[in-house]
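Following: one structure in structure tokens, then a few remarks.
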Amino acid sequence: MTPDATGSRAAAEPYVTEFETRVRAVDGTDVRLEETYFYPEGGGQPADRGTIGNAEVVDVQTQDGAVVHTLASAPEFEAGETVVGSIDGVFRTYCMRAHTASHLLYGAGRRLLADHGYGGFDIGTETCRIDFETSEPEAIDALSLERLLAEAVWDSRQVTWREMDVERARADDEIVFNLTPEAQRADTVRIVEIEDWDIAACGGTHVRNTIEIGPIAVLDISNPGADLVRVEYAVGPAAIRAGTDRTRATKRAARALETGVSELPERASAVAERNAELEAELDELRERVLEKRLETLGDEAVARDGQEWVVGELDVDGVGPNDASERARESAGEIGDVVVLTGVDGSAFVVAATTGETDASGIVEDVTAEFGGGGGGGETLAQGGGLEAAPADVVDYLRRER
């Protein structure tokens, strides 16, 4: 078979991992061969690994329509010599499986999404990703994907590839394009078709049958951009580990909830419902404690400049500066003309609310000038944080005559 648009035979004959050829050119550590089965990086698939002669290949790229193999060191061979190229079969097989799995995923997306487009693809050393362009990201979920993928693998669907006129391919709405810019400028494109499942223009390496892919695990589904769904997945050992970890976590959760795995969803729902009830009860109790605390502080109001100042500490768990600000704002004019509350939320904070005759931001500026930190606000409501003092010290400071 002839080389593809990259100048490599890898996509056309992906099962070839050792070959003999003549060296066309050597430029330092860059080598060009008369023919090559090394896959050059492109289309989301990494470059093949391996050796040429006794030299390690560390990168393979396409430059000016030719495949350039970059070696770890300058080779001992010269242009015109015959060499043996040896491709890392384990990594090649992984890429073949991972790339064909992406076609299965896209085919699954066709079945789950009313509108879909190809948004990108990448093979990593452990995990891979494929992006869908769609206006209905909520229509795709991990369980549905994994079920469809498992069925497609189990069905042992044939995977074939052939050359096709590029204009004919573009005219076929069913064909998805996953090609490098160089490949898209060629007169023909390689069409990869999974029997009754998916068809795409793609220059990557693939297995001949879906059964060769083995296990596929959907690791995560996210939305990295508008109208874009990203599916992260794994194949082979990484997929097996993901499944094992998932099973182990499920069993741990079942033990923690004192139930069986099959009853886990119902038990988890019951626990979540009870937690929500407890949270509501806790909020109600916190509300009562706050009301009582504010009543107590109102009874301890001090007179200053013809106004009643209510100053105190809100030592109630779960009450931060925003809650305190809301409380102070609601209380100003009811329990006092000026309400200043302090507490701890990581560090000490202070909030001030007034009826308008006293500037709330001035109170906060006074406190932060004395105890550090920073803050701000308006005439009737302000808050500060990061105070280098205990709330009790802030209360004493504000209660003192100055």
Side-chain angles (χ1 to χ4, degrees), residues 1-100 102 120-125 128 161-166 169 177-192 200-208:
M1 299 182 71
T2 58
D4 62 18
T6 70
S8 169
R9 294 176 180 266
E13 301 178 70
Y15 291 89
V16 175
T17 57
E18 191 163 309
F19 62 97
E20 190 176 279
T21 188
R22 289 170 60 87
V23 178
R24 176 178 293 176
V26 177
D27 182 8
T29 58
D30 289 345
V31 175
R32 300 189 185 202
L33 304 174
E34 290 292 339
E35 65 177 12
T36 184
Y37 289 83
F38 276 88
Y39 183 85
E41 180 182 15
Q45 181 171 328
D48 274 327
R49 305 167 181 176
T51 59
I52 297 175
N54 294 322
E56 179 187 1
V57 177
V58 295
D59 192 21
V60 187
Q61 298 290 331
T62 302
Q63 297 179 14
D64 300 325
V67 179
V68 178
H69 313 75
T70 301
L71 308 181
S73 58
E76 297 178 359
F77 53 77
E78 298 177 349
E81 293 186 33
T82 298
V83 293
V84 173
S86 181
I87 296 165
D88 183 337
V90 173
F91 187 67
R92 163 65 70 82
T93 299
Y94 166 71
C95 289
M96 291 165 65
R97 291 170 173 169
H99 206 144
T100 313
S102 76
F121 162 72
D122 181 70
I123 295 177
T125 55
C128 311
W161 45 87
R162 64 186 185 277
E163 294 297 322
M164 185 176 183
D165 178 79
V166 67
F177 273 70
N178 172 20
L179 295 170
T180 62
E182 294 83 3
Q184 295 196 47
R185 289 194 291 269
D187 294 332
T188 61
V189 291
R190 173 166 287 107
I191 302 300
V192 177
C202 179
T205 59
H206 300 85
V207 297
R208 283 288 190 186

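As the structure is a prediction and not an experimental result, all values here were calculated from the model.
A donor atom on one side chain and an acceptor atom on the other are not found under 3.5 Å apart for Thr188 and Asp165. A donor-acceptor contact closer than 3.5 angstrom is absent between the side chains of Thr82 and Glu20.
Nearest heavy atom pair, residue Ala11 against residue Arg190, reads CB-NH1, 3.4 Å. The two residues Ala25 and Ala79 have their closest heavy-atom pair at CA-CB, 4.2 Å. Nearest heavy atom pair, residue Ala169 against residue Val189, reads CB-CG2, 3.8 Å. Between Gln45 and Phe121, the shortest heavy-atom distance links the atoms N-CE2, 4.4 Å. Closest of all the heavy-atom pairs between Thr29 and Ser73 is CG2-C, 3.6 Å. Nearest heavy atoms, His206 versus Val192: CE1-CG2, 3.7 Å.
With values rounded to the nearest 0.5 angstrom, Asp48 atom CG is found 11.0 Å from Asp59 atom CG. Here CD of Glu56 is found 9.5 Å from CZ of Arg49. Values are rounded to the nearest 0.5 Å. Here Glu163 contributes atom CD and Ile191 contributes atom CD1; the two are 8.5 Å apart, rounded to the nearest 0.5 Å.
Between Arg208 and Trp161, the closest side-chain pair of non-hydrogen atoms falls below 4.5 Å. Thr70 is not listed as a side-chain neighbour of Gln61, based on a closest heavy-atom distance of 4.5 Å or more. Within the 4.5 Å cutoff, the side chain of Leu71 has heavy atoms near those of the Val57 side chain. Under the 4.5 Å side-chain criterion, counting only non-hydrogen atoms from C-beta, His69 is in contact with Thr36. Between Val26 and Glu78 there is no side-chain heavy-atom pair separated by less than 4.5 Å. At a threshold of 4.5 Å between non-hydrogen side-chain atoms, the residues Tyr94 and Ile123 count as touching. Using a 4.5 Å heavy-atom cutoff, the side chains of Arg32 and Val68 are in contact.
Shown here are the side-chain hydrogen bond (donor to acceptor under 3.5 Å, both in side chains) partners of Arg22, two or more places apart in sequence or in another chain: there are none. Under the rule for a side chain to side chain contact (heavy atoms under 4.5 Å, CB included), the partners of Thr21 that lie at least two apart in sequence or sit in another chain are Phe19, Leu33, Glu34, Glu35, Val83.
The number of heavy-atom neighbours closer than 6.0 Å to CG of Asn54, taken from other residues, nucleotides and ligands shown, is 12 or below.
In this structure, the side chain of Tyr39 does not engage the main chain of Cys95 through any donor-acceptor pair within 3.5 Å. Of the possible polar contacts, one joining the Thr100 side chain to the Val207 backbone as a donor-acceptor pair under 3.5 Å is found.
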